[in-house]
Number of protein chains: 6
Amino acid sequence: MPYINIRVTDEGVTPQQKLALIEGATDLLSRVLDKDPATTFVIIDEVPTDNWGVDRDSVANRRQRGK
Amino acid sequence: MPYINIRVTDEGVTPQQKLALIEGATDLLSRVLDKDPATTFVIIDEVPTDNWGVDRDSVANRRQRGK
Amino acid sequence: MPYINIRVTDEGVTPQQKLALIEGATDLLSRVLDKDPATTFVIIDEVPTDNWGVDRDSVANRRQRGK
Amino acid sequence: MPYINIRVTDEGVTPQQKLALIEGATDLLSRVLDKDPATTFVIIDEVPTDNWGVDRDSVANRRQRGK
Amino acid sequence: MPYINIRVTDEGVTPQQKLALIEGATDLLSRVLDKDPATTFVIIDEVPTDNWGVDRDSVANRRQRGK
Amino acid sequence: MPYINIRVTDEGVTPQQKLALIEGATDLLSRVLDKDPATTFVIIDEVPTDNWGVDRDSVANRRQRGK
């Protein structure tokens with residue numbers, strides 16, 4: 001019954017990529033801990049770049065500086 | 001001082017339903033653990049169906065297949 | 001497929017009380033949003049009173065002052 | 001490597017205010033626990049006022065009543 | 001800069017299994033979204049079986065019934 | 001009504017340091033967004049170093065290598 005929450009910046013993640021994350025995370029829990037995929041939840045949160053900070057700056061500002 | 005986070009898929013939850021969740025969760029904590037409603041927080045997150053996976057597929061795909 | 005996370009201070013919640021929270025939260029989502037109990041997750045986090053702050057103080061300190 | 005998640009109601013937080021939260025939270029962890037800003041994450045979640053409950057009511061309703 | 005939170009029941013996950021989860025989740029974000037492993041956080045929460053509910057019962061009770 | 005969740009590795013954070021985090025985070029939200037300290041929650045999660053991964057390794061392993 002695992003719950004996996006993936007938080008990434010909101011920068012154009014496609015439905016195909018989301019599906020790949022869901023499949024990959026589910027398979028990981030199945031392979032490592034023998035967890036049942038039928039009761040494995042994967043939730044992806046897309047966070048605006050203004051709202052995500054690292055190294056004392058927003059990702060929005062970092063992207064503008066080319067990082 | 002409980003904190004209750006309810007995560008559901010974003011499929012048309014109405015303000016009335018959100019209020020019913022807030023009331024019900026607050027009453028539950030008051031009844032079972034005698035917690036003060038004045039300092040009980042309830043936060044509802046509505047997650048796009050593309051971003052929620054179960055059984056190795058997105059809810060968006062499951063809905064298309066009639067699940 | 002709801003996910004409900006209940007965070008309370010770690011002050012002697014009994015297994016019976018935990019079960020009442022699990023049942024009550026599951027029933028709430030079933031009643032309000034017609035969610036299937038079979039895929040409703042409820043996770044209770046018990047947080048040490050030193051680690052929970054409100055009104056600019058820890059709950060541990062507040063308890064010592066009789067609050 | 002701290003992770004700080006700040007959840008507030010979605011009521012017009014500006015990019016400047018978000019940056020002040022990111023800087024302030026990063027500095028706090030650096031000052032108190034000597035954590036490296038380069039690996040300190042701050043994520044701000046803005047929650048609609050319909051989706052945040054306190055004292056058994058939504059913040060949306062409380063705002064309408066002038067609270 | 002992804003943040004991945006894996007929540008599982010506390011049933012004897014070994015350090016080797018935790019490492020496999022960390023490696024697998026980091027590789028998944030690198031492969032699918034080209035995220036830098038150096039700033040990918042993986043946090044594993046082990047939840048007591050009394051505190052995890054599914055299908056209106058605790059996992060502790062379900063395990064006793066052989067589920 | 002902000003909710004602030006601070007997650008750090010479990011490496012001997014003292015009650016005094018926890019109090020400094022609670023005070024600092026509450027003051028930050030009061031200063032930047034004029035939030036009322038009486039309804040500001042701060043929750044600190046201490047995560048075992050085996051359970052926290054960064055750069056594709058556990059913090060436990062990194063500490064052994066002197067990082």
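Below, chain A is the first sequence line, B the second, and so on; all start at residue 1.
Looking only at heavy-atom pairs under 4.5 Å with chain E, the residue among A:Ile43, A:Ile44, A:Leu33, A:Val54 that has the most is A:Leu33. Between chain A and the options E:Val42, E:Val8, E:Val32, the largest number of non-hydrogen pairs under 4.5 Å is found for E:Val32.
Neither the backbone nor the side chain of A:Val47 comes within contact range of chain E; no heavy atoms are under 4.5 Å apart.
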Could you list every donor-acceptor pair linking chain E to chain A (distance under 3.5 Å, backbone and side chains)?
unit_1  : atom_1 : unit_2  : atom_2 : d
E:Tyr3  : N      : A:Arg7  : O      : 3.0
E:Tyr3  : O      : A:Arg7  : N      : 2.8
E:Asn5  : N      : A:Asn5  : O      : 2.8
E:Asn5  : O      : A:Asn5  : N      : 2.9
E:Arg7  : N      : A:Tyr3  : O      : 2.8
E:Arg7  : O      : A:Tyr3  : N      : 3.0
E:Thr9  : OG1    : A:Lys35 : NZ     : 3.4
E:Lys35 : NZ     : A:Thr9  : OG1    : 3.4

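Counting heavy atoms from C-beta outward, A:Leu29 and E:Leu21 have side chains that approach closer than 4.5 Å.
Contact record, E:Leu28 with A:Ala20: CD1-O, 3.8 Å, taken as the closest heavy-atom pair.
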